[in-house]
Amino acid sequence: MGRSMQYLTMKTVPGTVSFTDFHINELKLVTEKLFHDANKLGGLGFGTSSFKCMASLAAIYLLILDRTNWRTNMLTSLLVPYIFFSFPGFMFRCFRGEFGKWIASVAVVLRLFFPRHFPHWLELPGSMILLLVVAPNFFAYKWRKNAIGIVIDLLIGCYLLQEHIRASGGFRNSFTQRHGISNTIGILFLLAYPVWALVVHFA
């Protein structure tokens, strides 16, 4: 009886060990695949955030440039909704809070009671802050987080690029005229974010 039990134990232990090793190896493979997929998605998300920050900075740069010394017939007021939909999340939440409300209140008071001391070039930035503060949550959170806001940014970028090329007298002139290179590069940054975001969204 003792020999048979010892024989059964010797026969079953290797099978048990191999069965356990099999599941441990499977668990390792699943963990590695999960880590790889999470790392891949994290990289894409980081790329989208980087493009969004660069696009917002480019839009603010073009907006300031237009208000100061880049006088064109382009509808640069479209940069305001572009910034609204592409503004990085942490900055957007900051301006949606008390900080943005204070800035918007000061801008409204200056515009109403001290119009002569309110610079003309501050009108669009002031409108942008007002839009960030008073926009309904439907636009502020739902549209900003889905493909609708990305498509709007893409359409604005395409429109501004073709208007800039037309105003410059052609694609080659847009890179050679005064302020042409910086403006063209800035508008191309406006296009880079929505194109990348749409690829990630539908990938």
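Any value given below was found using the heavy atoms of this structure, including those in side chains, with hydrogens, waters and symmetry copies removed.
Note: Tyr193 OH to Lys52 NZ = 4.0 Å, rounded to the nearest 0.5 Å. Rounded to the nearest 0.5 Å, atoms CG (Leu79) and CD1 (Ile187) are 8.0 Å apart. Here the CG-CD distance, from Leu78 to Glu163, works out to 9.5 Å after rounding to the nearest 0.5 Å. Atom-to-atom distance recorded for Leu124:CG and Ser77:OG is 6.5 Å, nearest 0.5 angstrom. Rounding to the nearest 0.5 Å places CG of Asp153 at 10.0 Å from CG of Leu191.
Formation of a donor-acceptor pair under 3.5 Å by the Arg166 side chain with backbone atoms of Gln162 is not found in this model.
Ring geometry for Phe92 against Tyr141 counts as perpendicular: the plane angle is over 60°, on a 0 to 90° scale with 30° as the lower cut.
For the pair Phe51/Val195, no side-chain contact is recorded, criterion being any heavy-atom separation below 4.5 Å from C-beta on. For the pair Ile152/Trp143, a side-chain contact is recorded, criterion being any heavy-atom separation below 4.5 Å from C-beta on. Contact of the Leu160 side chain with the His164 side chain is not registered, since no non-hydrogen atoms from C-beta on lie closer than 4.5 Å.
Cluster annotation: Met54 and Leu57 are assigned to distinct hydrophobic clusters (Ile/Leu/Val/Met/Phe/Trp/Tyr, side-chain heavy-atom contacts under 4.5 Å, transitive). Placement of Phe138 and Val151 within a single hydrophobic cluster is found when ILVMFWY residues are connected by side-chain heavy-atom separations under 4.5 Å, directly or transitively.
The salt bridge (Lys or Arg N to Asp or Glu O under 4.0 Å) analysis of residues 97-109, with sequence neighbours excluded, yields the pairs Glu98-Lys101.
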Which donor-acceptor pairs under 3.5 Å do side chains of residues 126-137 form with protein atoms, sequence neighbours excluded?
{"residue": "Ser127", "atom": "OG", "partner": "Glu123", "partner atom": "O", "Å": "2.8"}
{"residue": "Asn137", "atom": "OD1", "partner": "Arg96", "partner atom": "NH2", "Å": "2.8"}

Identify each donor-acceptor pair in which a side-chain atom of residues 82-91 lies under 3.5 Å from a protein atom, sequence neighbours left out, and give them as a table.
{"residue": "Tyr82", "atom": "OH", "partner": "Leu190", "partner atom": "O", "Å": "2.5"}
{"residue": "Ser86", "atom": "OG", "partner": "Ser56", "partner atom": "OG", "Å": "3.4"}
{"residue": "Ser86", "atom": "OG", "partner": "Tyr82", "partner atom": "O", "Å": "2.8"}

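Across every non-hydrogen atom of Leu198 and Ala147, the tightest pair is CD2-CB, 4.5 Å.
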